[in-house]
Amino acid sequence: MFAFSREPQEAAREMEGVLFYLTAFAYIDGSFDRRERSFIQGFIQRLAEAQVTDTDSLRQRIKRDSWAARLTHVFERIDNELKEMWDEPTAEGEQAQSFVRSRIKLRCFEIFESFAPETREILLQAADHLLAADGVADPEEVRFRAELVEILEKASQHAEPQQEGEGDSGARSRVVIHPAAEPERTWRNHPSLTRLERHYPGDPDALDRLLAADLGLIERFTRRLEEKRDGHGGALAGYHRVQELAGRPAFLDGHVHVIPPTHPAGYDLTVLGDLHGCYSCLKGAVMQSDFLGKVERFRENPDDNPEPLLVLLGDYIDRGLYSYNGVLRGVLGLAAILPDHVIALRGNHEYYIEHEGQVYGGVRPAEAIDRLRPYAPLEVFQAYRQLFETMPNMLLFDETLFVHAGIPRDAELRERYRDLSSLNDSVLRFQMMWSDPSSVDFVPDELQASSNRFAFGRDQARAFMHRIGVTTLVRGHEKVDSGFEAIIDEPDLRVLTLFSAGGANNEDLPPRSSYRSVTPKALTIRYREGEVEIEPWTIDYESYNDPELNEFFASEAELE
């Protein structure tokens with residue numbers, strides 16, 4: 001048994017780590033039974049007693065009970081967190097049990113890496129007692145323990161990634177991240193979005209007409225992308241760092257947007273993370289940021305106005321109630337009229353597969369396609385699949401990489417990466433729609449290979465980002481209840497997670513959606529002569545749950 005740190009934040013981290021490990025270990029065989037639960041509750045009591053050094057019996061009992069209550073609260077929260085893992089999206093072909101097992105193993109690895117060797121030994125001993133708590137040493141639990149020990153031993157021997165271009169990034173930009181700002185109620189509307197706010201009608205002929213209009217938007221969006229790509233195929237070949245592209249006009253090579261800053265008055269970027277069918281979040285953010293007004297002012301007087309960009313990080317569909325007909329239609333509509341100002345990137349939910357004459361969502365669950373499938377012909381879903389395949393995966397803007405999730409696996413980087421053109425490699429692009437940053441410095445190959453949704457460490461992020469010449473990665477993919485989190489914030493390395501779906505009272509979400517715990521946020525990024533200011537702000541979705549500002553709330557849905 002060990003005593004927690006006297007520093008409150010560190011003690012909280014240690015508490016969570018210890019209890020997550022034991023609770024996760026109990027779940028690993030798929031059955032958290034009564035005896036295992038009783039063992040952990042007893043362990044909590046022993047942990048609480050170990051924190052109390054007071055000799056007075058009354059004060060001792062009060063402090064012990066206080067610690068026991070705190071630890072029990074942490075245990076209950078972790079128990080719920082592990083249960084929710086079974087609802088996380090998985091890629092086509094990946095079983096939920098395999099995915100959850102890999103996530104638990106990663107989290108346990110992160111916990112062990114954060115503790116001193118003597119604490120690790122105590123945890124392993126506690127796990128051995130837990131193994132026998134239900135009277136049977138389950139083979140799955142024994143195997144899990146052995147795998148974890150093996151990974152820890154290998155990780156202790158790893159060398160920091162030494163990839164080409166690592167070291168001094170040659171950073172020119174100076175970046176400041178401001179505290180999150182509270183929302184300003186906007187109470188504004190705009191016909192560019194209002195005209196698109198239409199439920200799917202119950203009448204088959206009216207539905208066919210609306211679906212035909214949606215297909216027209218898809219065709220217009222993809223045609224614009226092809227126009228941007230024209231003449232730029234292979235433009236990244238032979239270049240190794242974004243600094244080598246300075247001064248060039250913006251271009252699209254395959255699935256990689258490149259915007260080297262050249263506009264003298266600077267740039268004003270509005271950035272949105274996952275929207276997941278929360279149309280009110282999309283509209284609220286566009287209205288709050290005054291993006292459309294900024295575009296109008298720029299077009300009238302570009303010399304004195306920064307160039308505005310709306311950057312969307314993907315995951316437009318699923319989870320919320322307004323996927324195809326709300327968020328995706330709105331994004332495509334904005335991109336159709338403002339193709340030079342809207343950058344719509346692909347998320348992992350924008351991944352469909354076609355098999356034996358049917359189109360399926362490549363992520364489970366896939367609510368958007370499942371809801372519409374009974375009413376729409378196959379050609380509609382084929383068009384969405386082709387749209388998703390056409391969507392770019394990332395944006396290189398100065399020394400910032402915008403992408404849905406993160407970086408590729410080490411193994412595939414060693415095998416497939418050659419220069420910036422390798423960012424168009426289909427395997428690397430797929431992996432950059434799925435990965436998440438870890439709290440550790442390095443995630444071993446074995447853990448990265450265990451799931452499509454794999455993790456990367458601080459050293460791996462630094463090596464990859466410095467290799468291509470960027471210092472900031474802006475990503476979505478991961479639900480963070482605060483809506484924005486600077487996962488890493490160092491002078492030469494920043495990894496920022498942005499989540500723009502959610503809202504405790506958001507009527508765009510099903511009543512029991514886990515996204516209601518999120519305070520959805522957007523980013524404003526201002527770029528002026530190498531000076532970068534990043535400001536997160538809370539999205540005012542509530543104003544756009546109102547029929548006066550959102551046509552979706554002016555009438556009842558007929559199909560959903």
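- R429 places no side-chain N or O within donor-acceptor distance of the main-chain N or O of S422, the cut-off being under 3.5 Å.
- Rounding to the nearest 0.5 Å gives a distance of 10.0 Å between CD of E485 and CZ of R475.
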Stepwise ring-ring contact (aromatic ring centres under 6.0 Å, His included) test for F499 and Y515: CA-CA 10 Å; F499 206 81; Y515 288 1; 5.2 Å; yes
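- Scanning for side-chain hydrogen bond (donor to acceptor under 3.5 Å, both in side chains) contacts around S426 gives an empty result, with sequence neighbours left out.
- Close placement of the F298 and H341 rings is indicated, their centers lying within 6.0 Å of each other.
- Contact between A285 and L272 at its shortest, heavy atoms only, is CB-CD2, 3.4 Å.
- The closest side-chain donor-acceptor pair between D398 and T400, if any, does not fall under 3.5 angstrom.
- I407 has its side chain within reach of Q460: a pair of non-hydrogen atoms, C-beta onward, lies under 4.5 Å apart.
- In this structure, K283 NZ and D540 CG are separated by 12.0 Å, a value rounded to the nearest 0.5 Å.
- In this structure, the separation between CG on L310 and CG on L292 is 8.5 Å, given to the nearest 0.5 Å.
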What's the verdict on side-chain contact (heavy atoms from CB on, under 4.5 Å) for Q386 and T222, showing C-alpha distance, side-chain angles and the deciding distance? CA-CA 9 Å; Q386 187 56 44; T222 54; 5.9 Å; no
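- Side chains of H477 and R453: a donor on one and an acceptor on the other come within 3.5 Å.
- Residues S280 and D508 bring a donor and an acceptor atom of their side chains to less than 3.5 Å of each other.
- At least one cation-pi condition fails for R107 and F109: the charged atom is not both under 6.0 angstrom from the six-membered ring centre and inside a 45 degree cone around its axis.
- Between the CZ atom in R174 and the CZ atom in R528 there is a gap of 14.0 Å [rounded to 0.5 Å].
- The heavy-atom pair separating L215 from V380 by the smallest distance is CD2-CA, 4.1 Å.
- Salt-bridge formation is detected for the pair R462/E490: a Lys NZ or Arg NE/NH1/NH2 atom is positioned less than 4.0 Å from an Asp or Glu carboxylate oxygen.
- The two residues V258 and L395 come nearest to each other via the heavy atoms N-CD1, 4.5 Å.
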Evaluate I525 against Y267 for side-chain contact (heavy atoms from CB on, under 4.5 Å), listing each step before the verdict. CA-CA 8 Å; I525 301 180; Y267 294 78; over 6 Å; no
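- Here the closest heavy-atom approach between residue S102 and residue F99 is recorded as OG-O, 2.7 Å.
- Partners of Y279 according to the side-chain hydrogen bond (donor to acceptor under 3.5 Å, both in side chains) rule, which considers only residues two or more places apart in sequence or in another chain, are E197.
- Taking CD of E350 as the start and CG of L387 as the end, the distance is 8.5 Å to the nearest 0.5 Å.
- Here the closest heavy-atom approach between residue I369 and residue V359 is recorded as CD1-O, 3.5 Å.
- Side-chain contact check for L428 versus R409: every heavy-atom pair is 4.5 Å or farther apart.
- A salt bridge does not link K479 with D315: none of the charged nitrogens is closer than 4.0 Å to a carboxylate oxygen.
- Checked against side-chain hydrogen bond (donor to acceptor under 3.5 Å, both in side chains), S323 has no partners two or more places apart in sequence or in another chain.
- Taking CG from L312 and NE2 from H404, the interatomic distance works out to 12.5 Å, rounded to the nearest 0.5 Å.
- Among R299, K228, E307, the one residue that satisfies the side-chain contact (heavy atoms from CB on, under 4.5 Å) test with D340 is K228.
- With hydrogens and angles ignored, the 3.5 Å screen pairs no side-chain donor or acceptor of R319 with any backbone N or O of A368.
- Residues forming a salt bridge (Lys or Arg N to Asp or Glu O under 4.0 Å) with E147 (at least two apart in sequence, or on another chain): R101, K105, R143.
- With sequence neighbours excluded, no residue forms a salt bridge (Lys or Arg N to Asp or Glu O under 4.0 Å) with D208.
- When side chains are defined from C-beta on, F251 counts as touching D253, because their heavy atoms get closer than 4.5 Å.
- With respect to E533 and R526, no salt bridge is recorded, no charged nitrogen being found less than 4.0 Å from a carboxylate O.
- In summary, the aromatic rings of Y316 and H276 are positioned with their centroids too far apart to meet the 6.0 Å limit.
- Cation-pi contact between R346 and Y351: absent, since separation from the ring centre below 6.0 Å together with deviation from the ring axis within 45° is not met.
- By the 4.0 Å N-to-carboxylate-O rule, D425 lies too far from R418 to be salt-bridged with it.
- Nearest heavy atom pair, residue L225 against residue P392, reads CD1-CD, 3.9 Å.
- A salt bridge links D290 to R297: one of the charged nitrogens lies within less than 4.0 Å of a carboxylate oxygen.
- Of the options V403, L401, V256, a side-chain contact (heavy atoms from CB on, under 4.5 Å) to L423 is made by V256 and by none of the others.
- Residues Y541 and P520 meet the side-chain proximity criterion, which asks for heavy atoms closer than 4.5 Å.
- Under the ring pair (Phe, Tyr, Trp, His ring centres under 6.0 Å) criterion, F388 pairs with Y352, sequence neighbours left out.
- Remark: the H349 side chain and the D318 side chain contain an N/O donor-acceptor pair separated by less than 3.5 Å.
- Taking the ring centroids of F397 and Y527, they lie under the 6.0 Å cut-off.
- Proximity of V271 to L309: side-chain heavy atoms (C-beta onward) are nowhere separated by under 4.5 Å.
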